[in-house]
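Below, read A as the first sequence line, B as the second, and so on, with proteins coming before strands; counting in each chain starts at 1.
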2 protein chains.
Amino acid sequence: MKTESTRRAEPRGLASRELPLNQILAGDCIEVMNSLPESSVDLIFADPPYNLQLKGDLHRPDNSKVDAVDDHWDQFTGFAAYDQFTREWLAAARRILKPNGAIWVIGSYHNIFRVGASLQDAGYWILNDVIWRKSNPMPNFRGKRLTNAHETMIWASKSENSKYTFNYEALKSLNEGIQMRSDWVLPICTGGERLKDDKGDKAHPTQKPESLLHRILIGSTNPGDVVLDLFFGTGTTGAVAKMLGRDFIGIEREEAYREIATKRLERVRRLDAGALATTTGKRAEPRVPFGQVVERGMLRPGEELYSLDSRHKAKVRADGSLIGNDVKGSIHQVGAALQRAPSCNGWTYWHFRREGRMVPIDTLRQQIRAEMQAEDTPRPN
Amino acid sequence: MKTESTRRAEPRGLASRELPLNQILAGDCIEVMNSLPESSVDLIFADPPYNLQLKGDLHRPDNSKVDAVDDHWDQFTGFAAYDQFTREWLAAARRILKPNGAIWVIGSYHNIFRVGASLQDAGYWILNDVIWRKSNPMPNFRGKRLTNAHETMIWASKSENSKYTFNYEALKSLNEGIQMRSDWVLPICTGGERLKDDKGDKAHPTQKPESLLHRILIGSTNPGDVVLDLFFGTGTTGAVAKMLGRDFIGIEREEAYREIATKRLERVRRLDAGALATTTGKRAEPRVPFGQVVERGMLRPGEELYSLDSRHKAKVRADGSLIGNDVKGSIHQVGAALQRAPSCNGWTYWHFRREGRMVPIDTLRQQIRAEMQAEDTPRPN
DNA sequence: ACCTAAAGTGAATCTACAG
DNA sequence: CCTGTAGATTCACTTTAGG
């Protein structure tokens, strides 16, 4: 396995240097991939059409119409056509993956079983299936099925013996000391993050949240890695990759999406090296992980936190750890070190500035807890 | 869709009466299923071998053993054998399912994608994929992957137009009044529920928790339904089915498991009817034509009805239709037309005035329903 | 400006039955 | 098979409107 310290063991070949880095390539993803050199990218992310096969309109109980995914790119004549499409892009993708490369694919029950089986047949080796549990899904309006509250992602290496990248400690750190599980609770993409067109409508019907890609890229790539997105859309993968200091290549067929993504990417700023460094040591601790505050964008990597008396400050890092005065670690550890105290509750010690005021980060934890309580009701039967 | 009130609409055929109810049948599940009459069971639950790593034993439908192979080139052989086994039991299961029957299959990423694709290919219609999120999973000891903290279930009807059973209100009630989502947080089977053998070791490696089957059977069967478990194991499905007043059939190849399950089932007691009753929605109520309200003199022809905000009004006619603003038709049609909405539930939209208050006409329907129930209930004289 | 109420919205395979 | 109609059905969150 490649780890944080050994990731440079695999030298970039000549072919890799010729890659069209940090660009959006126009065209069909299979054709474009076939024009790229083999064994040249570290990670592929694919959010292919789901083949939803929707029939009539759907109305909410208040009679408003649900804005469905009826785009032409989601139309297939049947399972056979969809399977062939899937097999072809999976094969092309595997060719350009480095031997130790990996792939992430996201889908729903409409397509994910077919994609998963084709992926296994193509020689990929599944590492985990990961559930994106949506904290705020669209309900089932007709009361005819369960609320479709999740999507499924498959994480697979190029082959069974690939030394894939897995930043175990960074993910554990994002989860405040507890192993990251295969189910990730994250909100869908709404609000200011959701891109709008000229008319104020959503620019893309299926824009993914940056928090999802943040966790994927932190966990399965290193800074400087090349991340390829086969169905780039509005460029969420590119935006997060750029922010996190990874190189990206996007492939997108629709010009409208390419234009939106290009503008979006111009606004993204790369984090500095300090914010990008991730924890390699060990830690442990309790309930709501501070990493979720970062993943959810409540605090930005690179943002500064202050003690209430402003005597100490520290910088937020991408994996949910802090760095202040050369001390790295959890919000608790850094707070304790700077005070030369044996311990410190980072949640109440650290504050961020909003509109001139100092706000304790514990308010952000309370927000997350409120959401978790709403979405998470374990019941022993 | 079958609801609580209509589930008896589908008569049991002669064949159904010949089913070996509440028994554990010995043998290979495909052969046993082929000996059962077609279109005879309401629900099938299947917890098939997960094909873990293809390293353990895998048997073909003819009971011959597949040689486990680690060689890369032989992987396809492994998948092919597993796929054939899957297709055969799925086909046999579909034959004995009633037209409105459904199936649940549980698996992990090792097999669930292949099972799901085969299931779609066989003509089943996926209703939901459901995530069993384990509240207490085994951690990943080597730190090389994410903690595998969930399993995936697929819920599918026999065909696209099956009127499958879905007890929406009962599940909503289980979830404290909020509609049930596709992710279920439940603990794994441990403690006193976990069956032990003579030596005190776990009797079965993958015993499922009763809470899981409880939710499945409450949500997708009615009392008296026939539930078939193809890989019965220690009989969790049978135990929960018996407790919930469903009939079960179990198929199990291993004698040791059949013995354990038999003992287990003897200890299970069937709940009484009062405990079995579940919440039902309006769909289960008998239909009442608005004309009956007029016939019974609860509203007079010529009387005016109003929307709650009094923006629209309409006049009752002798035949139980309405006329408002030159639009004539049913209470639903006139309500929809006046609001320019695609549809409208006239029962809740229209109100009449009594003693200065606005009363929804649905209260009149409820009165009629109450009288109908009183008539149906024989009174001891 | 600030608080509250109302409206809007999200990858959705979303009805049952009489005639 | 088809068509037409009765009539049942929503959660979490954001944005906008109104006071």
Side-chain angles (χ1 to χ4, degrees), chain A residues 47-71 73-74 76 79 106-112 132 134-152 187-194 196 200-202 204-209 233 367 370-371 373-375, chain B residues 1-3 5-6 9 100 120 124-129 156-157 160-161 163-164 166 168-169 172 175 177-182 281-285 287-291 320 329-333 335-336 342-349 362 365:
Chain A
D47 181 10
Y50 285 10
N51 190 25
L52 287 186
Q53 308 173 88
L54 302 176
K55 301 288 193 314
D57 289 341
L58 177 64
H59 292 86
R60 298 185 176 82
D62 64 4
N63 274 326
S64 63
K65 189 175 159 187
V66 174
D67 185 16
V69 179
D70 53 3
D71 304 71
W73 46 255
D74 197 38
F76 293 86
F79 285 139
I106 184 168
S108 68
Y109 66 83
H110 308 85
N111 71 324
I112 198 64
W132 171 25
K134 302 179 184 182
S135 55
N136 50 348
M138 186 162 65
N140 185 295
F141 296 116
R142 308 301 293 267
K144 293 299 169 184
R145 299 185 180 187
L146 301 164
T147 306
N148 201 352
H150 74 275
E151 292 188 29
T152 300
I188 61 176
C189 184
T190 59
E193 189 185 326
R194 188 85 194 217
K196 306 293 196 306
D201 297 325
K202 56 187 177 191
H204 191 285
T206 70
Q207 185 183 340
K208 296 293 176 289
Q367 281 181 36
E371 290 178 27
Q373 270 201 321
E375 76 211 2
Chain B
M1 162 154 10
K2 278 189 297 185
T3 64
S5 65
T6 61
N100 293 334
Q120 290 179 307
Y124 293 93
W125 189 247
I126 297 182
L127 301 167
N128 278 113
D129 59 337
S157 58
E160 181 174 356
N161 48 19
K163 300 181 199 303
Y164 56 92
F166 181 53
Y168 174 76
E169 292 290 345
K172 189 172 173 179
N175 200 29
I178 295 168
Q179 64 176 207
M180 187 69 78
R181 298 166 42 118
S182 58
K282 291 182 184 173
R283 284 194 181 92
E285 303 278 338
R287 216 152 117 168
V288 176
F290 179 68
S330 71
I331 54 174
H332 316 290
Q333 291 171 322
S343 71
C344 167
N345 184 340
W347 289 106
T348 52
Y349 183 71
D362 202 36
R365 179 169 65 163

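- A salt bridge does not link A:D201 with A:K196: every distance from a Lys NZ or Arg NE/NH1/NH2 to an Asp or Glu carboxylate oxygen is 4.0 Å or more.
- In this structure, of D:dT10, C:dA11, C:dA12, it is D:dT10 that holds the atom nearest to the side chain of B:K172.
- The CG atom of A:N63 sits 15 Å away from the C1' atom of C:dG8 (whole-angstrom rounding).
- Straight-line distance between the C1' atoms of D:dT10 and C:dT9: roughly 12 Å, to the nearest whole Å.
- Using a 4.0 Å heavy-atom criterion, one finds that A:K202 contacts the sugar-phosphate atoms exclusively.
- Protein atom CZ of A:R145 is 12 Å distant from nucleotide atom C1' of C:dT15, rounded to whole Å.
- The interatomic distance linking B:D362 (CG) with D:dA8 (P) rounds to 7 Å, in whole Å.
- Here A:G107 lies out of heavy-atom contact (under 4.0 Å) with every strand.
- To the nearest angstrom, P of D:dA8 lies 17 Å from NZ of B:K163.
- Residue contacts shown for B:W347 are limited to sugar-phosphate atoms, with no base heavy atom under 4.0 Å away.
- Note on A:K55 versus B:E160: salt bridge recorded, some NZ/NE/NH1/NH2 to OD/OE distance being below 4.0 Å.
- No hydrogens or angles considered: nothing links the side chains of A:E151 and A:S108 as a donor-acceptor pair under 3.5 Å.
- Nucleotide D:dT10 forms no Watson-Crick or G-U wobble pair with any nucleotide shown, as no partner meets the under 3.5 Å limit on both distances.
- Among the protein residues, B:E160 comes within range of no part of the nucleic acid, since none of its heavy atoms lies under 4.0 Å from any strand.
- Under 3.5 Å, the side chains of A:S64 and A:R60 contain a donor-acceptor pair of N or O atoms.
- The aromatic rings of A:H204 and A:W73 lie parallel to each other, with less than 30° between the two planes, well short of the 60° mark.
- Among the atoms of the strands shown, base atoms are found under 4.0 Å from some heavy atom of B:N345.
- Taking only distance into account, the side chain of A:K208 meets the base of C:dA11 through a donor-acceptor pair shorter than 3.5 Å.
- Using a 4.0 Å heavy-atom criterion, one finds that B:Q179 contacts the sugar-phosphate atoms exclusively.
- Judged purely by distance below 3.5 Å, without hydrogens or angles, the side chains of B:N100 and B:S157 never pair a donor atom with an acceptor atom.
- As judged by a 4.0 angstrom heavy-atom cut-off over every strand, A:P137 is placed among the base-contacting residues.
- If you take atom P in D:dA6 and the same atom in C:dA12, they sit 30 Å apart, rounded to whole Å.
- In this entry the distance linking CG of B:N161 with P of D:dC1 reads 8 Å, nearest Å.
- Among the atoms of the strands shown, base atoms are found under 4.0 Å from some heavy atom of A:D47.
- Taking atom NE2 on A:H110 and atom P on C:dA12, their separation rounds to 9 Å, with Å as the unit.
- Partner assigned to C:dC2 is D:dG19, using Watson-Crick or G-U wobble distances below 3.5 angstrom.
- Comparing atom distances between the A:L58 side chain and each of D:dA8, D:dA6, C:dC14 picks out C:dC14 as nearest.
- At a threshold of 4.0 angstrom between heavy atoms, the contacts of A:T206 include nucleobase atoms, whether or not backbone atoms are also involved.
- Note on B:I331: nothing from the nucleic acid sits closer than 4.0 angstrom, heavy atoms only.
- Mapping B:G177 and B:S343 onto DNA chain D by nearest heavy atom places B:S343 at the nucleotide closer to the 5' end.
- No side-chain heavy atom of A:N148 sits less than 4.5 Å from a side-chain heavy atom of A:N140.
- With hydrogens and angles left out, the side chain of A:R60 and the base of C:dG10 share a donor-acceptor pair within 3.5 Å.
- Pairing for C:dA11 is absent, with no Watson-Crick or G-U wobble pair whose two atom distances lie under 3.5 Å.
- Within 4.0 Å (heavy atoms only), A:P48 reaches at least one base atom of the nucleic acid.
- Looking at which nucleotide of DNA chain D each of A:M138 and A:G192 is closest to, the 5′-most match is held by A:M138.
- Atom pair A:K65:NZ and D:dT9:C1' shows a separation of 18 Å (rounding to whole Å applied).
- A distance of about 34 Å separates the P atoms of C:dA11 and D:dG7, rounded to the whole Å.
- Of the residues near DNA chain C, A:D74 and A:N140, the one whose nearest nucleotide (by heavy atom distance) lies more toward the 5' end is A:D74.
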